[in-house]
Protein chains: 2
Amino acid sequence: MDIHQAESLDLVFKHVAKLHKQTVHALLSGKGIYPGQPPVLRALAERDGQSQKELAEKLQITPATLTVMLGRMEKNGLVERRPDDADQRVSRVYLSAKGRLKHDELSSFMYEMEALCFANFTMEERIVFRRLLLQMYDNLVRADLKPPKPDEAQQ
Amino acid sequence: MDIHQAESLDLVFKHVAKLHKQTVHALLSGKGIYPGQPPVLRALAERDGQSQKELAEKLQITPATLTVMLGRMEKNGLVERRPDDADQRVSRVYLSAKGRLKHDELSSFMYEMEALCFANFTMEERIVFRRLLLQMYDNLVRADLKPPKPDEAQQ
DNA sequence: TCGTTATATTTAGCTGACTAACTAATAACA
DNA sequence: TGTTATTAGTTAGTCAGCTAAATATAACGA
């Protein structure tokens, strides 16, 4: 399929998303980190010590997935997991010094991707694109096939 | 992160793409088919008997991934693989009757997703969104971190 | 003709995603 | 207080994606 001839907007979106993801992965492969890990580091940098449940909700992945990922990150020394003081079921996740360092290193990556995707977008185009993306997101949320995390459902 | 407060357009896009994918998966899980399979069926319905190399290029996945996926689909009776007459390295992939049937069943799914994402978009919004998506796609292609398939590079 | 290089597919191993089932801890209830 | 229900995290299994290496075949050039 030639994307420029596609009839379905949904298919166009899917193709762009695929190439976007492949590009992210290609960029990250040179930085000694796996593609799933930056969002985890970012979430913890924003708020350290979240429970795994909170983290999984924030990242919109299942607890099972997060457990496995954290296992690898802990093994690589990026995060530490410690039991909660008040509830022994709960495990709280903290950035290690190494993880914090890695997160700082990755800040340039975010600007890199932004520039790569949108450098030739005018300010108006960015505003419109953002609005339309959010409109699409709200449609998907309304469909309620995959629930959003709680603080978004309130907005 | 609350998507509506995000500063980075790239992050907004990533979140929409994630929810989109999760929604596709949730919809397909009720149809007796795995999420990776519809694009394979679609590509073969357009042109049956493609070599695996052609198919992998068209789908923008690696030959290794396709081999594994086709293995499962062949096992499920959706496709058949036969050696090429002229070149023993080449394996050609054909839709089975079951695969063709399944592809037909899935045509409604495509319209379903389109409606779900964009039903409340005006015609103008659709046109603009499409243009901006293609602009983003072209930026990603230009970055050349993940090459597109040949017939797109020519356009 | 024969050795080297290129090509198509496969295999092994890994990551990130899911589901279902499991385990242990906690909360709720009678 | 003891039982039942719920919760947080884990484990096992599967799929889709990648890379690197392996295998068989084809093309090429001396």
Side-chain angles (χ1 to χ4, degrees), chain A residues 14 17-41 50-57 59-76 78-79 81-93 145-147, chain B residues 14 17-41 50-57 59-76 78-79 81-93 145-147:
Chain A
K14 257 182 17 185
K18 187 186 193 93
L19 185 56
H20 180 267
K21 181 173 179 179
Q22 287 173 335
T23 305
V24 169
H25 284 214
L27 273 185
L28 283 178
S29 74
K31 296 180 192 289
I33 196 158
Y34 293 117
Q37 292 175 356
V40 180
L41 297 177
Q50 291 181 59
S51 72
Q52 289 191 212
K53 176 178 152 72
E54 288 171 331
L55 210 41
E57 280 173 358
L59 297 167
Q60 292 181 304
I61 58 177
T62 67
T65 301
L66 184 63
T67 294
V68 177
M69 285 174 68
L70 288 177
R72 278 191 298 260
M73 291 173 82
E74 197 168 29
K75 187 174 174 184
N76 290 341
L78 295 169
V79 300
R81 281 183 283 187
R82 287 182 232 135
D84 185 70
D85 292 332
D87 187 337
Q88 290 194 60
R89 295 172 302 180
V90 175
S91 172
R92 292 199 175 274
V93 192
L145 292 168
K146 271 292 172 185
Chain B
K14 260 186 8 190
K18 188 187 195 90
L19 187 55
H20 181 268
K21 181 172 177 179
Q22 287 172 334
T23 304
V24 168
H25 284 216
L27 272 186
L28 282 178
S29 75
K31 297 181 191 293
I33 196 158
Y34 294 116
Q37 293 174 354
V40 180
L41 296 178
Q50 292 181 58
S51 73
Q52 288 191 211
K53 176 176 152 68
E54 288 170 330
L55 209 43
E57 280 174 358
L59 297 167
Q60 292 182 303
I61 58 176
T62 66
T65 301
L66 184 63
T67 294
V68 177
M69 286 174 66
L70 288 177
R72 276 188 300 256
M73 291 173 81
E74 196 169 29
K75 187 173 172 184
N76 291 340
L78 295 170
V79 301
R81 280 183 286 187
R82 287 182 233 135
D84 185 69
D85 292 332
D87 187 338
Q88 290 193 59
R89 295 172 301 180
V90 175
S91 171
R92 294 196 174 275
V93 191
L145 292 168
K146 269 292 170 186

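Looking at D87(A), its side chain does come within 3.5 Å of a backbone N or O of R89(A) through a donor-acceptor pair.
The shortest non-hydrogen separation linking K18(A) to Q60(B) is CE-O, 3.4 Å. Contact detail for P35(B) and H25(B): the closest heavy-atom pair is CB-NE2, 3.3 Å. Scanning both residues, L66(B) and A56(B), for their nearest heavy atoms gives CD2-N, 3.6 Å.
In this structure, S91(B) reaches the sugar-phosphate backbone alone: every heavy-atom distance under 4.0 Å involves primed, P, OP1 or OP2 atoms, never a base. Within 4.0 Å of R92(B), counting heavy atoms only, lies no atom of the nucleic acid at all.
Rounding to whole angstrom units, CD of residue Q50(A) and C1' of dA8(D) are separated by 15 Å. Per the geometry, CG belonging to L66(A) stands 12 Å off C1' belonging to dT10(D), to the nearest Å. Between the C1' atom of dA8(C) and the CG atom of L70(B) lies a distance of 13 Å, rounded to the nearest Å. A straight line from CD of Q22(B) to P of dG16(C) spans 16 Å, rounded to a whole angstrom. L59(A) has its CG atom 13 Å from the C1' atom of dA17(C), to the nearest Å. L55(A) has its CG atom 20 Å from the P atom of dT7(D), to the nearest Å. Atom-to-atom, CZ of R72(B) to C1' of dC18(C) comes out at 13 Å; the value is rounded to the nearest Å. Distance CD1 (I61(B)) to P (dT10(C)): 13 Å, rounded to an integer number of Å.
Shown here are the side-chain hydrogen bond (donor to acceptor under 3.5 Å, both in side chains) partners of K53(A), two or more places apart in sequence or in another chain: E57(A). Here R82(B) pairs with E80(B) under the side-chain hydrogen bond (donor to acceptor under 3.5 Å, both in side chains) rule; sequence neighbours left out.
Each of A64(A) and V90(A) was assigned the nucleotide of DNA chain D with the nearest heavy atom; the assignment lying further toward the 5' end belongs to V90(A).
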Can you check side chain to side chain donor-acceptor pair (under 3.5 Å) on Q52(B) and R81(B), steps first, answer last?
CA-CA 9 Å; Q52(B) 288 191 211; R81(B) 280 183 286 187; 3.2 Å; yes

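With dG9(D), dG16(C), dT10(C) as the candidates, the nucleotide lying closest to the side chain of T67(A) is dG9(D). Each of dC18(C), dT9(C), dT10(D) was ranked by its minimum atom distance to the side chain of P63(B); first place goes to dT9(C). Distances from the side chain of K18(B) to the nucleotides dA17(C), dT19(C), dC15(D) place dA17(C) closest. Which of dC18(C), dT10(C), dC18(D) sits closest to the side chain of T65(B) comes down to dC18(D). Among the nucleotides dC15(D), dA8(D), dT10(C), the one closest to any side-chain atom of Y34(B) is dC15(D).
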In 5'-to-3' order, the base (B), backbone-only (S) or no-contact (-) status of each nucleotide in nucleotides 21-28 of chain C, using a 4.0 angstrom heavy-atom cut-off, is ----BS--

